[in-house]
Amino acid sequence: MRWSETFIPTLREMPAEAETISHQLLLRAGYIRQVAAGIYSYLPLAQRSVLKISQIIREEMNRIGGQEFFLPVLHPRELWEESGRWEIMGDNMFRLKDRAGRDMCLGMTHEEVITDIARHELRSYKQLPQTWYQIQTKFRDEARPKGGLLRVRQFTMKDAYSFHTSWESLDETYQQQYRAYSRIYDRCGLRYIAVKADTGAMGGKDSHEFSALIDVGEDLIVHCEHCGYGANREMAISRAPVVDDQPAPDRPEKFPTPGIRTIAALETFPGGAEAHRQIKTLVYMVDEQPVLVCVRGDHTVNEAALARLFGAEARFYPAHPGQIVAAMGANAGSLGPVGVSGLRIVVDEALRGRKNMTTGANEDDFHIRGVVVDRDFKGEYQQVRLVEEGDFCINCGKPIRMWKGLEVGQIFKLGVRYSQTMKATVLNEKGEAVPMIMGCYGIGVERILAAAIEQNHDENGMILPVSIAPFSVIVNVVNMGDPESVRAAERITTALEAAGIDVLLDDRDERPGVKFKDNDLIGIPLRVTLGPKKLKEGKAEIYIRAKRESVDVALDEVAARVQAALESSTPQTKE
RNA sequence: CGGGGCGUAGCUCAGCCUGGCUAGAGCGCUUGCUUUGGGAGCAAGAAGUCGGAGGUUCAAAUCCUCUCGCCCCGACCA
């Protein structure tokens, strides 16, 4: 393809609207243009890249027996009413009416539609398992789109659904999907971590999230490089570093702390204590009953962990000031577990065995010091704190690391959540109608591109992996006024194209500097440069963008050398 | 939805506080000549409802009110 005939509107200056790297580069390199908040047009370069990513996904889905569908984006209200999600989805769902006044919506996901097909067409356990997928546009009216393609309102998603008669069969397909996902991200050249994810309010059995590691990621990922433990911060547990305590007095001592209401204030108060020698005490209302939750002063309560602890059905929230006083006899800021009776007390694991601690006295303007856990109060030990930087792996004890991640995929054992509510049953061996057991598996296509850019760029622009770059090679004619250069470039381009390689011939009559800058910006991994000087020696230059290395190669060897370079730089699966 | 910021030429921005000449610059674009290995030089030229509406004023890009849009932080995120 010739650049002169291709629409690649690069920008010399940084667009003011963009802050994150991938957003800036996607705009500057002429990949995308914004239509409205969180809605983008994909120009030819982005489209080529998205198609390459889609094709990798398609190949890996087909490889594990997935069958490609194409489901509608426009759905009738009734289907979503049946699953109960017409209500649940709330403002995140785009809704509209057809000319007859019927309620419709734009699909955020396709469990309802696919389950509808399954219940009408699947009759017998003999037809299962099935894995169905599509690559389709999804709509979500995000409260706050951001970061270019990182969080948008319209995007492409590969979503797959599997149907089973047994959990064992689901487990098997889930494992296959897990491996397929790993292969997909490997082939796209992403650095990512697969982590256990919170199954959220929907219940379900297992879920894993695949997060690309990027600086502007929305999620915090806890990862142990030693044993491979990985979890969302919401799901993660860890071992806190041991704190050496001084010996405690025989019994705790109450002391006045006028006006002290915060951990930080108590740290600097004479006779106070450092944050990690304090016990932070919070009151939650669980099904309208107060429950005490104690964590170390410098730790943060993980409400997702509390939700799991209290159970999916329980309604809980932080107690209001009035409820706190009623339960404890003091206000927040002066609370502690010592002397409390009749209340459930949850104590974070990091407090186990601690001595000589300081906490609230349950009397305003008073605290207690010299508190020994298990001597002066007792509770049930649970990990209810968020993992902190510097903690140790719960499995192997090695230091854990925390990363920012962008979710690029999630796999989920749904169970019978949809088959039950939508009455999608098959007959089993005994002739009984049983709800199909389901799994669902999603990948955000454009997020892969955005994450790849976040992970691979320099001050000059993108550096895309060969597998997802819009073109594998760019052939740059330094001086279009030199017929020799043009002829040589065209011969090389033709040869490479004949070998099935995507080549962009930069045949613009521009200054060399402009062309080199543009070539770098759009992230093509390999460049072949035809300039008059080297051409006189019968040579062209091959430049590897990622390594910033170049070699001069005889003209008739260029095609072979390019092919070899492409092969060696194509990301491989780790299997 | 709360907090903050920004809307002036295709892009990046100045001008606004303290109202007043014909609304500017750089880049890009068009034409011509020169130039050709890292965002060229000279010359000529085209291009702006100053986001929108209303108001104040002799006079509004500039002051006031409302409104729309976009970005960032937070809340939210099957």
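Since the structure is predicted, the reported quantities are computational estimates derived from the model, not experimental observations. A note on names: the letters A, B, ... follow the listed sequences, proteins ahead of strands, and every chain is numbered from 1.
For A/E541, taking side-chain heavy atoms from C-beta onward, the closest of the listed nucleotides B/G37, B/A78, B/G39 is B/G37. You'll find that the side chain of A/E19 is closest to B/C72, out of B/C72, B/U35, B/G39. Closest to the A/A143 side chain, of the nucleotides B/C71, B/C73, B/C76, is B/C76. Which of B/U36, B/G39, B/U12 sits closest to the side chain of A/P15 comes down to B/U12. When distances run from any side-chain atom of A/K533 to the nucleotides B/G37, B/G38, B/A78, the shortest one goes to B/G37.
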task = Given side-chain hydrogen bond (donor to acceptor under 3.5 Å, both in side chains), test A/N479 with A/S485 step by step and report yes or no.
result = CA-CA 7 Å; A/N479 184 352; A/S485 303; over 6 Å; no
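Between A/Q410 and A/S207 the shortest heavy-atom distance is NE2-OG, 2.7 Å.
Residue-to-nucleotide contacts include a donor-acceptor pair under 3.5 Å from the side chain of A/E13 to the base of B/G26. The base of B/G37 is not paired with the side chain of A/N476 by any donor and acceptor separated by under 3.5 Å. No hydrogens or angles were tested; on distance alone, nothing pairs the side chain of A/E510 with the base of B/G39 as donor and acceptor under 3.5 Å. The base of B/G39 sits with one of its N or O atoms less than 3.5 Å from a complementary donor or acceptor on the side chain of A/R28. Checked by distance alone, A/R12 brings no side-chain donor or acceptor within 3.5 Å of a matching partner on the base of B/G38.
In this structure, A/R153 pairs ionically with A/D141, as a charged nitrogen and a carboxylate oxygen lie closer than 4.0 Å. The pair A/D103-A/K97 meets the salt-bridge criterion, with a side-chain N (NZ, NE, NH1 or NH2) lying under 4.0 Å from an Asp/Glu carboxylate O. A salt bridge does not link A/E111 to A/R417: none of the charged nitrogens lies less than 4.0 Å from a carboxylate oxygen.
The separation of B/C50 from B/A40, taken at their P atoms, amounts to 34 Å, rounded to a whole angstrom. Comparing the same atom, P, in B/A53 and in B/A9 gives a spacing of 16 Å after rounding to whole Å.
Under 4.0 angstrom from either OP1 or OP2 of B/C73 there lies at least one side-chain N or O belonging to A/R144.
Of the two residues contacting RNA chain B, namely A/A16 and A/A36, the nearest-nucleotide position lying further toward the 5' end is that of A/A16. For the pair A/Q34 and A/C440, nearest-nucleotide mapping onto RNA chain B gives the more 5' position to A/Q34.
When both pairing distances are held under 3.5 Å, B/C6 makes a Watson-Crick or G-U pair with B/G69. Base pairing analysis places B/C13 opposite B/G24; the two distances defining the Watson-Crick or G-U wobble pair are each below 3.5 Å.
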